[in-house]
Number of protein chains: 2
Amino acid sequence: MTTGPRRSQRRTEALSRERIVEASVELLDATGESGLTFRALAQRLTTGPGALYHHVAHKDELLGAAVDAVVTAAVTVDPPGAAPLKGSPQDAVRAVATGLFDATEAHPWLAPQLAARLARGHGGTAAPRIFESLGRQVRAMGAPRESWFTVTSALMHYILGAAGQNAANAANARTLGPDASRARFLDAASTAWEGLDPDDYPFTRAVADQMRGHDDREQFLAGVDLVLAGIAASRPAAG
Amino acid sequence: MTTGPRRSQRRTEALSRERIVEASVELLDATGESGLTFRALAQRLTTGPGALYHHVAHKDELLGAAVDAVVTAAVTVDPPGAAPLKGSPQDAVRAVATGLFDATEAHPWLAPQLAARLARGHGGTAAPRIFESLGRQVRAMGAPRESWFTVTSALMHYILGAAGQNAANAANARTLGPDASRARFLDAASTAWEGLDPDDYPFTRAVADQMRGHDDREQFLAGVDLVLAGIAASRPAAG
DNA sequence: ACCTGAACACCGTTCAAGT
DNA sequence: ACCTGAACACCGTTCAAGT
C-alpha cells in the first residue's frame with residue numbers, strides 16, 4: 001500500500017538537522033533561551049531526546065545553528081557577480097545594520113547568544129557573514145587597505161553591541177506590559193539612571209534625559225553614521 | 001579562653017558575600033565558567049551549598065557580582081573632585097580601553113559574561129561604570145551634548161566587542177599549546193579565513209593576511225582611535 | 001541569624017535495545 | 001542507519017533540622 005515517491009510521508013516527516021534547527025528557533029522564540037531543552041525539543045518533534053544526537057553533536061552546536069539560521073535570513077550577502085546595489089556603500093551598511101537590528105528585536109535570544117559566541121570566538125558562519133557584508137562596503141568606500149580589518153571590526157562591534165542593547169530594552173519593555181510599553185520603559189530606565197549617585201555618575205545622569213522619548217532606531221543609525229564618519233575622516237583625501 | 005576582639009577567628013572566617021565573590025573569581029579563573037558550581041564553591045569555602053544562599057540570591061547574581069568585581073578593579077572612575085588627569089581626554093579613553101583589554105585577557109570568562117549581560121540589559125554596576133568613565137572624556141573632548149549618548153555608546157560597544165574578540169583569540173591560542181602560541185594561533189586563524197569560499201567571502205579572504213603577525217593591542221587601539229576620529233569629525237568646528 | 005546537607009526537580013548526554 | 005527511552009552523572013535550589 002505504498003503510494004510511491006510523491007506525497008512523501010507527512011505526519012512523521014523524517015527528522016533532519018534542518019527540521020531540528022527550525023523547531024529550535026520556534027522554541028527559542030516562544031519560550032526563551034531557558035526553554036530550549038532536548039526533552040522539550042524532542043516532544044515538539046514527537047521523538048525522543050536521544051534521536052536528536054544523530055543530527056547535532058551537542059546543545060552548543062544546536063544553538064549555534066539557530067543563530068546562524070536567523071542571521072543568514074537577516075543579512076543577505078549578494079552573490080559574487082551581482083549587480084552593484086543601488087545607493088552608496090554607506091546605505092548598504094545601514095541596510096545590513098537595520099537587518100540585524102530587526103532580527104535582534106524579533107528574536108530576543110539572538111543578541112545575547114551572538115554576543116557570547118563572538119566573545120568566545122565561536123562565530124559560526126554568522127560572524128564571517130556579517131564581517132564580509134560590512135567589509136565589502138568598507139572597501140567600496142575607499143578606505144585604505146591597511147585599515148580594512150580595523151574599520152570593519154569597529155563597525156561590526158558597534159552594530160552588534162548597540163542592536164543587542166536595543167533588543168534588551170525592547171525585551172524589558174515587554175516585561176512591564178504590552179501597552180505604551182516602549183515609552184514607559186525608556187522613561188523608567190531614564191529615571192533609573194537619574195537615580196544614580198550624583199557624585200559617582202554625573203555624566204550618566206546628565207545623559208539620562210536623552211534616552212527619554214528618542215527613537216531607538218534613529219539613535220542606532222546615528223551611531224552607525226558616527227563610525228562611518230570616522231572611516232571617512234581617516235581616509236586619505238580623494239585624488 | 002576567648003582572646004578578645006583582635007585576632008578574630010582565622011581558620012573558619014565567617015562566610016560573607018565578599019568572600020564568596022572573591023572565591024568565585026578564583027574558581028572562574030582556575031576552572032572556567034563551567035567550573036563555577038555551588039557545590040564546588042561551597043567545598044572551596046568549606047561549607048555546604050545551601051549556606052551560599054544566605055548571601056547571594058541565585059547563581060546569576062553571583063556571576064554578576066564577579067563581573068562587577070573584576071571590572072571595578074580594572075577601570076577606576078576618578079573621585080568627584082579629583083584633579084584632572086594629565087593628558088588628553090583621548091589618552092584617558094585609551095587608558096580605560098587598555099584596562100578592559102587587560103582584564104579581559106586575564107579573566108577569559110569575563111568577555112563572554114559581560115557581553116551576554118550587556119545584551120540582556122543586566123549591566124550590573126559594570127556597564128554604568130564603563131559608560132560613565134568613557135562619557136566624561138567624550139564630554140571633555142567637546143562633543144556636542146546631543147551626541148553624548150550615541151558617541152559614548154559607540155565607544156563602549158567597540159571597546160567591549162574588540163577586547164572580547166581578542167580575549168577569545170588569546171584563549172584559543174592557549175588551547176594550541178603554551179609556546180609561541182600567539183603567532184601560531186593567529187596564523188591558524190588567518191589560514192582558516194583564507195580557506196573560506198572565494199566566491200562567498202572575497203573580502204574576508206583579502207583581509208586574512210592582516211591578522212597575521214599584527215599586534216593585537218595595537219590593532220585594538222587603532223580601532224579606538226577610529227571611533228575617536230569619528231567623534232572629532234562630527235564635532236562642530238571649534239570656535 | 002546562620003549554617004548543614006539531604007532531597008527535589010530538573011538538565012545534557014549516553015547507550016543498550018529495537019526497527 | 002536511525003530511532004527509542006531508560007539510566008547516569010550531574011546541576012541549581014529548597015528546606016527541615018540543627019547551632
Side-chain angles (χ1 to χ4, degrees), chain A residues 1-2 5 8-28 30-67 109 112-113 116-117 120 122 124, chain B residues 1-2 5 8-28 30-67 109 112-113 116-117 120 122 124:
Chain A
M1 221 209 175
T2 51
S8 57
Q9 64 281 51
R10 260 256 218 80
R11 301 174 307 172
T12 341
E13 230 154 352
L15 219 47
S16 71
R17 189 183 157 92
E18 197 186 18
R19 272 198 33 163
I20 293 174
V21 172
E22 188 190 327
S24 296
V25 172
E26 291 169 8
L27 196 54
L28 284 163
T31 63
E33 194 171 324
S34 71
L36 181 64
T37 278
F38 274 85
R39 285 173 177 81
L41 191 56
Q43 189 180 9
R44 180 179 271 256
L45 293 164
T46 53
T47 182
L52 303 172
Y53 284 89
H54 288 272
H55 302 93
V56 261
H58 45 250
K59 191 179 182 181
D60 192 63
E61 191 198 294
L62 181 59
L63 258 164
V67 168
W109 49 273
Q113 261 306 306
R117 304 184 90 77
R120 254 184 297 136
H122 295 174
Chain B
M1 222 210 177
T2 51
S8 56
Q9 62 280 51
R10 259 258 218 74
R11 301 174 305 171
T12 340
E13 229 153 353
L15 219 46
S16 70
R17 189 182 156 93
E18 196 186 19
R19 272 199 34 166
I20 292 175
V21 171
E22 187 189 327
S24 296
V25 170
E26 292 169 7
L27 196 54
L28 283 164
T31 64
E33 195 171 324
S34 71
L36 181 65
T37 278
F38 274 85
R39 285 172 177 81
L41 190 56
Q43 189 179 10
R44 180 179 272 255
L45 292 163
T46 52
T47 181
L52 304 172
Y53 283 89
H54 288 272
H55 301 92
V56 261
H58 44 251
K59 193 180 180 181
D60 192 63
E61 191 197 293
L62 181 59
L63 259 165
V67 168
W109 48 274
Q113 260 305 306
R117 304 184 91 75
R120 255 185 297 136
H122 295 173

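Here is the naming used below: chain letters follow the sequence lines, and residue numbers restart at 1 for every chain.
- Each of C:dC11, D:dT13, C:dC3 was ranked by its minimum atom distance to the side chain of B:Tyr53; first place goes to D:dT13.
- For CD of B:Gln43, the number of neighbouring non-hydrogen atoms (other residues, nucleotides, ligands) closer than 6.0 Å is 12 at most.
- At distances below 3.5 Å, at least one donor-acceptor pair connects side-chain atoms of A:Ser16 with backbone N or O atoms of A:Arg19.
- B:Leu36 comes within 4.0 angstrom of the backbone, heavy atoms only, and of no base.
- For the pair A:His58 and C:dT14, the criterion of a side-chain N or O lying under 4.0 Å from OP1 or OP2 is not met.
- Between the C1' atom of C:dT14 and the NZ atom of A:Lys59 lies a distance of 17 Å, rounded to the nearest Å.
- With both pairing distances under 3.5 Å, D:dC2 is matched to C:dG18 as a Watson-Crick or G-U wobble pair.
- One atom, CZ of B:Arg39, and another, P of D:dT14, lie 13 Å apart when rounded to the nearest Å.
- The side chain of B:Pro49 sits closest to D:dT13 out of C:dT13, D:dT13, D:dC3.
- The interatomic distance linking A:Arg19 (CZ) with D:dC2 (P) rounds to 15 Å, in whole Å.
- Searching all strands for a Watson-Crick or G-U wobble partner of C:dC11 with both distances below 3.5 Å returns nothing.
- The listed nucleotides are D:dC3, C:dC3, C:dG12; the one nearest the side chain of A:His55 is D:dC3.
- One finds the NE2 atom of A:His54 at 9.5 Å from the CG atom of A:Leu15 (value rounded to the nearest 0.5 Å).
- A straight line from CZ of B:Phe38 to P of C:dA7 spans 21 Å, rounded to a whole angstrom.
- Spacing between atom CD of A:Gln43 and atom P of D:dG5 amounts to 12 Å, rounded to whole angstrom units.
- Taking both residues in full, the closest heavy atoms of A:Ala42 and A:Gly48 are given as CB-C, 3.5 Å, listed atom of the first, atom of the second, then distance.
- At most 12 heavy atoms of other shown residues, nucleotides or ligands fall within 6.0 angstrom of atom CD in B:Glu18.
- Where A:Ser34 and B:Gly50 each meet DNA chain C at their nearest nucleotide, the meeting point lying more 5' is that of B:Gly50.
- For B:Leu52 and D:dC15, the CG to P distance is 17 Å, given to the nearest whole Å.
- With rounding to whole Å, A:His54 atom NE2 is found 11 Å from C:dT14 atom P.
- Here the P atom of nucleotide D:dC11 and the CG atom of B:Leu41 are 12 Å apart, to the nearest Å.
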